[in-house]
Amino acid sequence: MSKLVVVDHPMIQHKLSILRDKNTGSREFRALVKEIGMLMVYEITRDLPLEEIEIETPVTKTRAKVLAGKKLAVVPILRAGLGMVDGILELIPAAKVGHIGLYRDPETLKPVEYFCKLPQDVEEREFLVVDPMLATGGSAEAAIQLLKDRGAKNIRLVCLVGCPEGVKMVQEAHPDVDVYLAALDEKLNDHGYIVPGLGDAGDRIFGTK
Ligand code: URA
């Protein structure tokens, strides 16, 4: 079974509480999603491998550590996932960005791909699939499957708020994919919203209704 990690750094928890507040407007909401995305990835990437290289400081030659291993790619699930991308790119400017768009088929209620554009070297990269809300888990499960079908071997799922139903769905379908959340909330309600949650993340990021 994969890992479920709740990244409960105090800065993240503080920002998340403002995000949850219904009186927080779109402008602040967008800024907070970006900041939390960056802080989460800062924590999540603490296990990235390093290698030593030879460098020369103004004083002497020395050995210094730099990132080694697979290069990263960020894949937002459209549309709300877009809100997390800029913050992550501030931290990892060399990361490539793929996009996955899914809609729910009105009859089968299953997610159907309408857009998928990924970096060419899919097999060589470590993927961070990002979406603020892990609700039913249907979109995340399908997006991860799409990446795997195209050859991705290393995938992590990064969401801000999740619920037990969504975590279970992803972990059962993809036991090799670790799930990172800023908060694990209580449940899904009858309308598919996470409780207590923060409402519709896409609408709040983009100021739509
Ligand atoms: N998507 C959202 O944006 N919010 C929820 O609570 C559930 C799914």
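Just follow the structure's listing: the first ligand is 1, and inside any ligand the first atom is 1.
Heavy-atom distances between G199 and ligand 1 reach below 4.0 Å in at least one pair.
When R156, K71, K153, K70 are each tested for a side-chain hydrogen bond (donor to acceptor under 3.5 Å, both in side chains) with E126, only one passes: R156.
Across the listed options I194, V195, L198, I194 owns the non-hydrogen atom lying nearest to atom 6 (O) of ligand 1.
When each atom of ligand 1 is checked for a heavy atom of A201 under 4.0 Å away, the hits are 2 (C), 3 (O). Ligand-side atoms of ligand 1 in range of M133: 1 (N), 2 (C), 3 (O), 4 (N), 5 (C), 6 (O), range being under 4.0 angstrom from any heavy atom.
Under the 4.0 Å criterion applied to side-chain N and carboxylate O atoms, R20 and D185 are assigned as salt-bridge partners.
A donor-acceptor pair under 3.5 Å links the side-chain atoms of H9 to the main chain of M11, judged by distance alone.
Using modelled atom types and a 3.5 Å distance limit, the side chains of S2 and D178 yield no donor-acceptor pair.
An N or O contact shorter than 3.5 Å is missing between A135 and ligand 1 by distance. At a 3.5 angstrom cut-off on N or O pairs, G192 does not count as close to ligand 1.
Minimum heavy-atom separation, D131 to A80: OD1-CB, 4.1 Å.
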